[in-house]
Amino acid sequence: MNKEVTSRSKDYAQWYNDLVVKADLADHSAVRGCMVIKPYGFAIWERMQAVLDKMFKDTGHVNAYFPLLIPKSFFSKEASHVEGFAKECAVVTHYRLRNGADGGIEVDPEAKLEEELIIRPTSETIIWNTYKTWVQSYRDLPILVNQWANVVRWEMRTRLFLRTAEFLWQEGHTAHATKEEAITETEKMLGVYADFAENWLALPVIKGVKTANERFAGALDTYCIEALMQDGKALQAGTSHFLGQNFAKAFDVKFTNKEGKHDFVWATSWGVSTRLMGALVMAHGDDRGLVLPPNLAPNQVVIVPIYKSLEELEKISVVAKEIKAKLNSLDIRVHFDDRDNQRPGWKFAEYELKGVPVRIAIGSRDIENNSVEVARRDSGEKMAIPMDNLATTVQKLLWDIQDSIFNKALNYRNENTREANSWDEFESILNDKGGFVSAHWDGTVETADKIKDKTKATIRCIPLDAKKENGTCILSGKPSEQRVLFAKAY
RNA sequence: CGGGGUGUAGCGUAGCCCGGUUAUCGCGCAUGGUUUGGGACCAUGAGACCGCAGGUUCGAAUCCUGCCACCCCGACCA
């Protein structure tokens, strides 16, 4: 197969596709908009799952599982929710097939469902319908449940990982006795996501809240983390919603409080998806391939033997396996690639494509010198490292790489976050440079919509750390108290 | 849903406009040999109902009709 990757400068979208497919993360499937996540891609996703799952459990959450299929009527119970999701749902109408006249298979018209079932686009409705039976007293609260699941949204246009018709995610759905507690939960989980993005994905994010028109269907407030990709477009990397009592009212979930009075339960939901895989590719990848942060890389180190004969390979293997064992003892994930059907140069290129953070090459020459060649993926730097203390050196190197790629992404974001104080300035930044634009906005949906029509840029969020600052809206000229963050987005 | 494109071996492709031996080439695969410090080379070999269904023709990958699927751009979208 041709493993050449299109360069980012030539065609960014093509580069992204090439990387996803050629680095064996995922591939298109027989079904429109649906992808096959290949073992290497899934291994990264499993790492993400493992880390996030621990973070959820450390913050008091438990996992459960709710059905894939949801009765249609559930969706009409929360008005804005159905508005937001009805257009893009897959619907199950029949429950049986039969042999057709032409020898094929056809849907049995006799097997029509009384009530159609919707393949979940998100699970608020089925979960709140269930919570109704779980909650009677304030003593039953809070409910802190997460589920790992697949969802389906019939998107018109799809892109591998970034927007697929079916995707994998986790969705947390919590129920609380008070508004304050629910808001605290919403903010706490946003913090968990930001922590995960920055310390594991090495992806700097802006924490903020969505404006009314970008809000989740059914939420009172949508918090988000926003990241900047290398082409200057923003990517929403995670969301945490304060749902108020909307779903409790829609599904009649009441409890008796300490004073013996009935009240509706307060809700949150929060999620991140396989879209994070796309973020990982676009934030750190280069023209040679993926650059994986060591904390998430399925293999943090690959050892490539260099030899002329099988006897020589055997000698090198003894040393390589010792190194592997030492690295393993420091919890470093190592792959020793002793395949004889590929040459070293081929392996080097392959592991660069796949983004393995550190490569160790060992030949007879190295064994004589009691050292190995160590190469780091992020900078391409190669160095001779003495065999003594190799494991601790590599461990430090992995930490350093994790920091370096985070800082590189952070610098990029800082360099591409600009203030605009006039409409001309605003437009020229978006057209010529891209990135985040920090600007004043009058707070109305109408203005936000107009700006979107004119520039394709949307308000990504109102940053949580935004300072109060009097100014005037870049479009309408009306007064504004703080800047918000605009960008073109995925 | 509009615009564009593609469909030939596991992958990438030539051939199609202008119908005519056994469908081209590369990668990969198998076997043997030489190799191995940045994507090795030689030899031999296997592998294809040319997206599907009709039609025209002595003859269709090629021309005609219909259908299907996927990709890209746009609109849409937590």
Side-chain angles (χ1 to χ4, degrees), chain A residues 1-6 11-14 16-18 21-22 24 27-35 80-81 83-89 102 104 121-122 124 151 153-160 162-165 167 169 171 209-219 221-226 235-241 243 269-273 275 288-289 304-310 312-313 316 338-353 359-369 371-373 375 380 382 384 452-453 456 458 460-461 489-490:
Chain A
M1 181 168 60
N2 178 17
K3 295 273 192 173
E4 289 290 308
V5 173
T6 305
D11 184 344
Y12 191 83
Q14 186 63 46
Y16 174 79
N17 263 322
D18 279 0
V21 173
K22 289 178 177 168
D24 278 336
D27 213 342
H28 296 288
S29 72
V31 183
R32 189 201 75 95
C34 294
M35 63 179 168
S80 57
H81 194 63
E83 180 77 14
F85 283 104
K87 289 172 284 186
E88 53 182 33
C89 287
D102 60 353
T122 181
E124 275 78 5
V151 289
R153 295 179 188 179
W154 215 262
E155 302 286 354
M156 289 180 178
R157 180 135 146 61
T158 59
R159 299 194 66 188
L160 291 172
L162 298 174
R163 179 169 288 106
T164 44
F167 58 91
W169 75 347
E171 46 181 329
V209 283
K210 288 289 185 188
T211 56
N213 52 330
E214 298 277 332
R215 210 173 271 157
F216 175 73
D221 252 324
T222 287
Y223 292 68
C224 61
I225 50 173
E226 293 284 330
L235 183 76
Q236 179 175 297
T239 50
S240 182
H241 314 290
L243 302 174
S269 69
W270 28 273
V272 296
S273 71
R275 182 179 237 207
R288 303 177 74 94
V304 177
I306 294 162
Y307 56 94
K308 289 186 168 52
S309 65
L310 288 176
E312 198 181 351
L313 173 61
I316 294 167
D338 61 352
R339 284 179 299 174
D340 191 38
N341 58 345
Q342 300 296 356
R343 300 168 80 248
W346 189 94
K347 292 179 184 176
F348 291 175
E350 180 73 4
Y351 290 111
E352 279 164 8
L353 178 60
R359 179 185 75 226
I360 297 177
I362 311 175
S364 295
R365 192 203 297 165
D366 300 298
I367 292 176
E368 279 171 32
N369 296 338
S371 73
V372 293
E373 183 195 83
K382 288 184 205 173
K452 186 182 178 185
D453 286 346
K456 291 185 183 172
T458 49
R460 300 319 304 155
C461 68
Y490 278 97

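Bear in mind that the values here come from a model prediction, so they are computed numbers and not experimental data. Throughout, protein chains are lettered first and strands after them, A, B, ... in sequence-line order, and every chain is numbered starting at 1.
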For A/S371, check side chain to side chain donor-acceptor pair (under 3.5 Å) against everything at least two apart and list the hits. none

From the options B/G39, B/G38, B/C77, select the nucleotide whose nearest atom is closest to the side chain of A/R288. B/G38

Dot-bracket summary - RNA chain B, pairs being Watson-Crick or G-U whose distances fall under 3.5 Å, with | when paired to another strand: (((((((..(((.......[....))).((((((.....)))))).....(((((..]....))))))))))))....

Between [M] and [N], how far apart are the [atom1] atoms? Round to whole Å, please.
{"N": "B/G15", "M": "B/G51", "atom1": "P", "result": "15 Å"}
{"N": "B/U24", "M": "B/A48", "atom1": "C1'", "result": "13 Å"}
{"N": "B/U22", "M": "B/C18", "atom1": "P", "result": "24 Å"}
{"N": "B/U57", "M": "B/G19", "atom1": "C1'", "result": "9 Å"}
{"N": "B/A30", "M": "B/G2", "atom1": "P", "result": "47 Å"}
{"N": "B/C58", "M": "B/C72", "atom1": "C1'", "result": "43 Å"}
{"N": "B/C71", "M": "B/G37", "atom1": "P", "result": "40 Å"}
{"N": "B/C17", "M": "B/C64", "atom1": "P", "result": "9 Å"}

Suppose we call a contact any N or O donor and acceptor under 3.5 Å apart; does that hold for the side chain of [X] and the base of [N]?
{"X": "A/E352", "N": "B/G39", "answer": "no"}
{"X": "A/K382", "N": "B/G38", "answer": "yes"}
{"X": "A/R343", "N": "B/G37", "answer": "no"}

Out of A/D11, A/N17, A/D18, which residue meets the side-chain hydrogen bond (donor to acceptor under 3.5 Å, both in side chains) rule with A/Q14? A/D18

Cation over ring face, A/R359 and A/F348, 6.0 Å, 45°: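 That pair qualifies as a cation-pi contact.
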
Measure from the side-chain N and O atoms of A/Y351 to the backbone N and O of A/W346, and report whether any donor-acceptor pair falls under 3.5 Å.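 Side chain of A/Y351 to backbone of A/W346: no pair is present.
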
Does the A/K347 side chain pair with the main chain of A/R339, one donor and one acceptor, at a distance under 3.5 Å? yes

Remember a base hit wins even if backbone is also touched, and classify A/E214 as base, sugar-phosphate or nothing at under 4.0 Å, heavy atoms.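 Sugar-phosphate contact only - A/E214 comes under 4.0 Å of backbone atoms but never of a base.
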
Can you pull every protein N or O that's under 3.5 Å from an N or O on nucleotides 66-71 of chain B?
{"from": "B/C70", "atom 1": "OP1", "to": "A/R32", "atom 2": "N", "distance (Å)": "2.6"}
{"from": "B/C71", "atom 1": "OP1", "to": "A/H28", "atom 2": "ND1", "distance (Å)": "3.4"}

OP1 or OP2 of B/A75 versus the side-chain N and O atoms of A/K456: is any pair under 4.0 Å?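 Checking A/K456 against B/A75: at least one side-chain N or O falls below 4.0 Å of OP1 or OP2.
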
Donor-acceptor pair between A/S269 and A/H241 side chains, under 3.5 angstrom: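 On atom types as modelled, these side chains do not qualify, holding no pair under 3.5 Å.
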
No-hydrogen, no-angle side-chain donor-acceptor test under 3.5 Å, A/D340 and A/Y307: yes

SB check A/E373 A/R365 (cutoff 4.0 Å):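 Judged by the 4.0 Å cut-off on N to carboxylate O distance, A/E373 and A/R365 do not form a salt bridge.
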
Between B/C1 (P) and A/E88 (CD): distance, integer Å: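 One finds 16 Å between P of B/C1 and CD of A/E88, rounded.
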
